[in-house]
Amino acid sequence: MNLTVVDHIAEGRDALARAAKLAGEGSTLAQREARAIREAQAMKSEAIIGTHYRVRSMGCPSCGCLTLLPKRGRAWCVNRHCAVGGRQRSWDYRELAFLGPGAPKRVQRTESERPPRDVMDVRRLLAFFTQTGVPMSASTLRRLIKLYELPRWYNPMDHRSHLYALSDVATAHAAHLAHTRKGECTATATRPPCTGLHEMFFTASEDAKTRTAAKQLCEACPLRQACLDTAMTYGVHAQHGIFGGLTAGERRALKSTS
Ligand SMILES: [Zn+2]
C-alpha cells in the first residue's frame, strides 16, 4: 500500500468536505474558494498518477503564459520574463486554482549575443505547447516569430534553422491569444479569429477548456453564420471540430430539429 496515496485520499475527503461546506455558504468568494479547493485536489491527484494536464493548461497567475511546470507540489513559472530578481515564481495548487491566469504582459524582446538558457529548436518548442491545453501549430509559431520579430540564435545542430527562447515564444503566444480572444488582432470582415488555430478547433471536442476558448472566438467572429451554414450544407466535410460556434454534436442536434 502506497502511503502517499492513502494520505492523499484522506486529505482529499477532508478537502472535499470543506469545499462542500464553503459552497453551501453561497457567497461568490466562498464558491470561488470551494472551486479552488476541488481543482487543487484534482491537480494533486494528477501529480500522483504522473500526469500534469491541469497545471500545464493553466495560464501563469502573474504573466498569463502557459509556462507552468509542476515540481514538489507547486507550480513554477519557467518564463524568464516572469521571474523576480532572477528567482522563479511559484504557487501552491490551491493558490493557482484560486487566482486563475494573469493578464499577459507585453512581449519582451531579449537582445543578447549569448543565447539565454531556454533556447530551443522549433520541434522542442512545439512539443512544449502540445503538453498544454492549447497546442500550437508550426504555422502559428512561424507567424508569431514574424509578427513579434522574436530574436533568434544560431542552431549549431542544424545550420538551416534557428533557435528561439521559450520565454519569448510563450509571451508572444499569450499576448496573441489574448488579442484573438478579444477579436482584435486577426478578426476582420474576411479573416476569422480562428486563423492559424486549426488544432484548437479540431481538438476542442476532447477538452472542455479548449472548447470554451474556441467558442468564445466564434462568438466575436464576423463570419460565424457563413461558417455554420457551410458546415450544415456540406456536413460531410465537417464531421469533427467546431464550426460557427457549434460542436459536431450540437450541429447534428440542430440538423435533426430542422
Ligand atoms: Zn509567469
Side-chain angles (χ1 to χ4, degrees), residues 32-33 35-37 39-40 42-44 46-47 51-112 114-122 124-137 140-141 143-145 147-153 163-182 184-185 197 199-200 207 209-210 212-213 216:
R32 209 171 134 198
E33 178 73 33
R35 218 173 19 245
I37 290 172
E39 189 69 12
M43 287 179 192
K44 287 180 197 164
E46 283 194 344
T51 62
H52 300 286
Y53 178 73
R54 279 188 162 77
V55 176
R56 294 295 317 270
S57 64
M58 291 278 293
C60 165
S62 173
C63 70
C65 296
L66 293 163
T67 39
L68 293 178
L69 290 183
K71 198 169 67 183
R72 296 194 305 270
R74 294 177 76 82
W76 299 74
C77 179
V78 295
N79 190 335
R80 284 182 292 121
H81 305 316
C82 187
V84 182
R87 283 186 56 170
Q88 241 177 294
R89 290 193 193 195
S90 74
W91 292 264
D92 74 30
Y93 293 154
R94 201 206 55 81
E95 288 171 328
L96 177 65
F98 187 78
L99 291 171
K105 303 217 163 40
R106 268 165 194 278
V107 172
Q108 297 187 32
R109 294 170 48 78
T110 329
E111 298 283 8
S112 67
R114 266 198 321 173
R117 272 194 300 181
D118 62 344
V119 289
M120 294 178 185
D121 62 18
V122 165
R124 269 190 71 200
L125 283 167
L126 293 177
F128 183 92
F129 287 98
T130 301
Q131 290 161 8
T132 69
V134 191
M136 194 192 291
S137 68
T140 302
L141 178 56
R143 222 148 57 86
L144 289 179
I145 289 168
L147 191 64
Y148 294 95
E149 298 177 312
L150 297 183
R152 60 187 195 182
W153 286 271
L163 302 177
Y164 300 89
L166 172 67
S167 298
D168 296 341
V169 174
T171 308
H173 184 225
H176 186 71
L177 277 181
H179 278 308
T180 50
R181 275 182 193 144
K182 279 188 259 159
E184 280 174 10
C185 188
L197 298 168
E199 284 103 328
M200 184 176 165
D207 167 55
K209 222 174 206 170
T210 313
T212 309
Q216 272 169 5

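Each ligand, and each atom within it, is numbered from 1 in the order the structure gives.
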Legend entry - Least distance between heavy atoms, S167 atom then R80 atom: OG-N, 2.8 Å

Legend entry - Neighbour count above 12 (heavy atom, 6.0 Å) for R89 CZ: yes

Inset, instruction - State, to 0.1 Å, how close M43 and A97 come at their nearest heavy-atom pair, and which atoms those are. - result: CE-CB, 4.3 Å

Inset, instruction - Assess C60: does it contribute an N, O or S atom lying under 2.8 Å from the Zn ion (ligand 1)? - result: yes

Inset, instruction - Look at the N, O or S atoms of H81, main chain and side chain alike, and state whether any lies under 2.8 Å from the Zn ion (ligand 1). - result: no

Inset, instruction - Search all heavy atoms of Y93 against all heavy atoms of A75 and return the closest pair with its distance. - result: CE2-N, 3.9 Å

Legend entry - Metal site angle (apex the Zn ion (ligand 1)), SG from C77 and SG from C63, 10 degrees: 110°

